[in-house]
Amino acid sequence: MSEFELPVRPAVLTQALTRRFGELVAVDRLDLEIASGIIFGLLGPNGAGKSTTVKMLTTLLPPSSGRATVAGHDVVREPAAVRRQIGYVPQLISADGALSGYENLLLSAKLYDVPRKEQAARIDDALQFMGLTDAARAMVRTYSGGMVRRLEVAQALLHRPAVLFLDEPTIGLDPMARHAVWERLRESRTRYAMTVLITTHDMDEAEQLCDRLAIMNGGRLAATGTVAELKQRVGPSATLDDVFAHFAVGVITEGGSYRDVVNTRNTAERLG
Amino acid sequence: MTAPEGSPSPALEVEHLSVAFGATRVLDDLSFRVAAGTSLAIIGPSGAGKTVLFRALIGVVPSTGTIRFAAGTRIGYVPQKLDLQRDLPLTGLDFLNARADVSGVPSTDVTRVLNLVALDSRFAAQPLGTLSGGQFQRLLVAFALMGHPTLLLFDEPTAGIDEPGKEGIYALFSRLQAEEGLTVLIISHELSLVYRYADTVLCLSRWRTFLGPPLDILTPEHLQEAYGAPVRYHHHESRDTD
Amino acid sequence: MRQCATTITNRVTPTDLLLLVAMAAAAGLIGSVTVMRRMALASDAVSHVALPGVAIAILLHVNPVLGGLAALFLGSLLIWALEHKTRLPTEAVIGVVFSAALAIGSMLASGEELFAALFGGAHAAGRIELLFGLAASAVVIAYVMRARSRLVIALVSPELASASGIDVSQTNLVFLLMFALTVGLGLRFLGVLLMGSLIIIPAVTATFLAHNLRTLQTASVALAITSTLAGALLAPRLHVEQGPLIIVVAASLFVVALVTRSVTRSARSGNIPGGGRELR
Amino acid sequence: MTSSTLGTPPSGWVNRHVLGFGRHSLAVAQMEIAKIGREPTELLTRAIQPALWLIVFGQVFTRTRAIPTGTMRYLDYLAPGVLAQSVLFSAIFYGLAVIWERDLGVVHKLLVSPASRSSLVFGKAISAGLRALAQAVIILALAAVLGVRLRTDVMSLMGVALVVVLGGALFSTFSFVIACLVKTRERFMGVGQVLTMPLFFASNAIYPLSMMPPWLRTISALNPLTYLVNALRALMIEGGEGTAGLGTDLLVLLAVFLVLVGIAANLYEGIVR
């Protein structure tokens with residue numbers, strides 16, 4: 001594996017990344033650098049610009065200005081290369097309920113050009129790793145919320161992405177299911193030596209899962225650091241809640257469009 | 001807030017309530033009472049029948065057992081799921097005025113409820129789709145408050161709303177309770193907020209049901225039993241997370 | 001072999017115009033509610049049910065509009081019952097109902113009668129027809145104005161509607177009947193197929209322009225009347241059929257609205273914030 | 001664990017673009033087809049509609065000879081029209097599935113994969129075409145029972161199958177384009193419903209062009225359904241022929257289909273914004 005040099009470049013790098021929707025600046029000159037191999041949490045209230053950032057990084061949405069590279073590839077100039085290097089679990093449900101877990105995985109394997117010889121082995125491996133072997137032939141619509149999420153993570157990992165993006169991965173899950181998803185994520189990170197970027201507005205998730213955090217607020221970066229660093233910056237006995245409150249001051253306390261709420265609720269309902 | 005047990009004037013009494021869909025028993029012999037002017041939080045894992053309980057209370061789902069409301073009870077209901085179409089050309093005011101018209105309430109009531117929930121009439125004049133999560137929740141509460149209800153049923157009021165927004169919604173309940181003397185039933189997953197704002201907690205699960213003040217119910221043992229997994233939540237007052 | 005000679009009248013009489021405007025106003029109003037109510041499919045199925053009624057009326061030498069109306073009311077009752085009382089997949093049932101209606105209807109009428117029933121035709125309205133048309137339009141308009149609040153709440157959430165004391169099932173039935181009456185109004189001028197279009201297209205166009213109930217209804221009515229008047233007045237000059245031209249105008253307005261919206265959106269590099277779409 | 005395939009695109013231009021297009025289309029189509037097999041009842045309920053047309057309409061008009069179809073029996077004339085109608089109806093609401101997938105989030109997943117947009121659209125179109133074919137089998141069987149003079153040689157049957165798939169693919173892609181433009185289920189239902197019946201009646205599916213008023217004749221000449229009916233008539237029926245020649249019909253259908261795929265591939269991305 002000598003031809004395969006370990007990248008020293010950051011997994012994600014953005015420079016003055018900006019996205020406007022009409023008058024609204026959803027993401028405002030964002031400078032972000034995410035080192036390879038860590039679980040990075042993008043924390044912030046609804047409407048802080050987290051999902052917009054992820055959509056730009058996953059090539060779903062062109063930036064209005066600024067640039068971003070993911071795994072060394074520019075999201076605007078080399079979208080195809082970026083897509084090969086990333087896995088994405090959107091906030092909404094992306095597994096197809098009318099197909100079985102196995103078929104969902106097979107579709108991903110084929111779309112990502114996983115070599116035919118390796119497909120079966122990788123799918124079996126993924127099913128086992130995610131604890132879905134017994135449910136592999138069942139229709140996904142019969143899965144519980146936690147199972148759906150684990151399947152989606154498995155789909156996103158089949159092609160061994162360099163960077164995995166997860167948008168609010170545990171929204172609508174009950175505590176037991178959340179813990180299972182977190183555990184799988186932590187393990188897969190080590191196993192595949194990849195970088196994970198998650199967005200969340202949940203303190204627990206940020207604290208338990210992430211190595212580093214960036215707090216976004218009104219489209220801008222309010223603070224970055226490890227959980228401990230951030231707490232220290234606020235005060236000696238600060239909780240992450242306090243950190244959040246400190247850096248997200250002055251946010252419109254009621255961010256998030258109606259659509260967000262409906263989406264979240266629909267997601268919660270389908271998962272739940 | 002008065003203690004719920006043995007309170008002289010219950011706003012709602014439920015005795016031996018059962019709901020079954022075919023062979024599946026969703027609620028089994030559930031009994032509880034809610035004192036007037038207090039708040040009851042209903043928690044529990046998915047599928048424990050929380051929403052079904054509400055639907056049974058408003059009579060959309062057939063049930064057995066007794067449901068007794070205090071005389072003159074008017075129910076305001078905010079459902080969990082509102083699968084609205086995108087781009088619906090309806091404003092918050094259209095929606096509230098429609099309720100005023102249907103319920104025979106004078107249209108001045110619209111101003112009253114908007115003031116109560118502290119929603120600026122500028123926002124109320126926008127299409128429903130452009131309201132923020134918190135604003136839309138306030139609008140739904142306003143809708144439920146039209147015509148002076150005495151009992152408010154709230155299904156997952158803060159799903160998908162961020163932390164500051166959640167605080168705002170719960171603070172609103174506290175205020176409504178104090179100002180309007182409302183009795184409030186809330187279904188929620190937000191244990192830390194339940195801890196701060198509810199007078200009584202009803203914990204539903206497939207195995208057991210617990211009822212009591214938050215301090216007694218929201219213990220790690222009870223929660224583990226109900227959810228089948230360790231559950232943590234932040235106490236805001238006491239700084240110990242766990 | 002019978003060549004279908006379509007008669008194109010040279011002028012549109014003032015009475016016809018009056019009737020057309022009343023019909024268009026009713027169509028625009030009922031359409032504005034239809035597009036919000038996710039009932040486009042059910043309602044459109046209702047309109048096709050008119051065909052066998054028209055055909056039977058022609059066979060029996062009765063006024064075809066009366067036959068059409070009778071079939072429309074029966075059809076709406078049937079669809080309402082199917083939607084509320086059975087657990088059958090509604091779309092499948094509706095599909096069957098309307099194709100059966102079309103097949104039977106097309107079979108009974110023949111030649112130019114078939115084309116007239118499907119696509120309508122220009123003709124001078126008699127006095128009774130005029131009175132009936134104006135009265136029915138008035139009924140539809142009054143109904144939408146009065147029942148608007150109930151309809152609005154029921155469309156946002158049937159559950160909230162029930163909790164607010166609205167009989168959702170009854171509201172749906174009356175709405176379907178009013179829809180049927182509106183289709184009946186346009187049978188002569190536009191025929192079964194095109195009247196459905198006059199109800200739906202201006203209303204869908206209006207959803208691109210409107211942000212509240214009042215503008216939606218105003219725009220929908222205005223678009224329906226504009227299309228109808230333009231179609232009726234231009235048809236003799238362009239020597240084409242009036243009914244199809246009305247729908248062509250309505251469809252053109254739709255395309256213009258669609259294109260305008262896309263252009264303004266891309267010019268602003270994205271969507272209108274909170275335009276109902278997921279942004280962040 | 002081999003890391004050798006990490007993010008490496010398949011080597012070679014042809015392999016990456018041409019074969020990649022094929023592989024990805026096939027993968028999408030395969031999954032869609034798996035879904036069809038699971039809902040046989042849907043295929044059957046959808047077959048009721050054309051069956052009604054064939055039995056009620058066809059039988060009566062064949063007896064009364066009210067529609068001038070020259071030397072052809074009316075039932076023979078109608079059968080390809082009804083087949084084309086069922087192809088149209090089964091495909092035209094395909095866009096609803098696209099909107100549904102967007103509302104769920106499935107589209108997001110497809111769009112971040114390395115598969116090209118056109119291969120995704122093409123795969124879905126082909127699967128819709130095959131769905132139409134499954135229905136065509138039912139209708140052909142029914143037509144045979146009713147005594148329609150079908151051609152039964154292998155070449156003709158294959159030709160019919162090909163044309164049915166092409167027609168289903170064409171109208172489903174048309175529906176796809178509409179879905180990307182109107183974006184909401186409610187508007188789609190409105191527009192889709194308003195289009196279907198006029199497309200059907202403004203074609204030569206149930207009566208010959210010669211019978212139509214002139215304005216309707218113009219519209220039907222612009223209507224792809226007319227070409228689908230023509231092609232089917234020529235391929236399916238003993239002694240049947242279209243009005244413009246089989247080659248023209250096929251060319252028109254193929255050209256319209258490819259143009260629509262191009263448009264849909266360009267619009268697809270916008271649906272998640």
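Here is the naming used below: chain letters follow the sequence lines, and residue numbers restart at 1 for every chain.
When D/Gly20, D/Ser116, D/Ala27 are compared by the number of non-hydrogen pairs under 4.5 Å with chain A, D/Ala27 comes out ahead.
Neither the backbone nor the side chain of D/Val107 comes within contact range of chain A; no heavy atoms are under 4.5 Å apart. Of the atoms belonging to A/Ala95, it is backbone heavy atoms, and not side-chain ones, that fall under 4.5 Å from chain D. In this structure, no portion of D/Leu26 lies under 4.5 Å from any heavy atom of chain A.
In summary, the aromatic rings of D/Tyr94 and D/Phe171 are positioned with their centroids too far apart to meet the 6.0 Å limit.
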Dump the intermediate steps for salt bridge (Lys or Arg N to Asp or Glu O under 4.0 Å) on A/Arg84 and A/Asp113, then the final yes or no. CA-CA 9 Å; A/Arg84 292 200 177 274; A/Asp113 300 308; 3.2 Å; yes
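Counting only residues at least two apart or in different chains, ring-ring contact (aromatic ring centres under 6.0 Å, His included) contacts with residues 68-96 of chain A are absent.
Here the CZ atom belonging to A/Phe165 is positioned 10.5 Å from the CG atom belonging to A/Leu60, to the nearest 0.5 angstrom.
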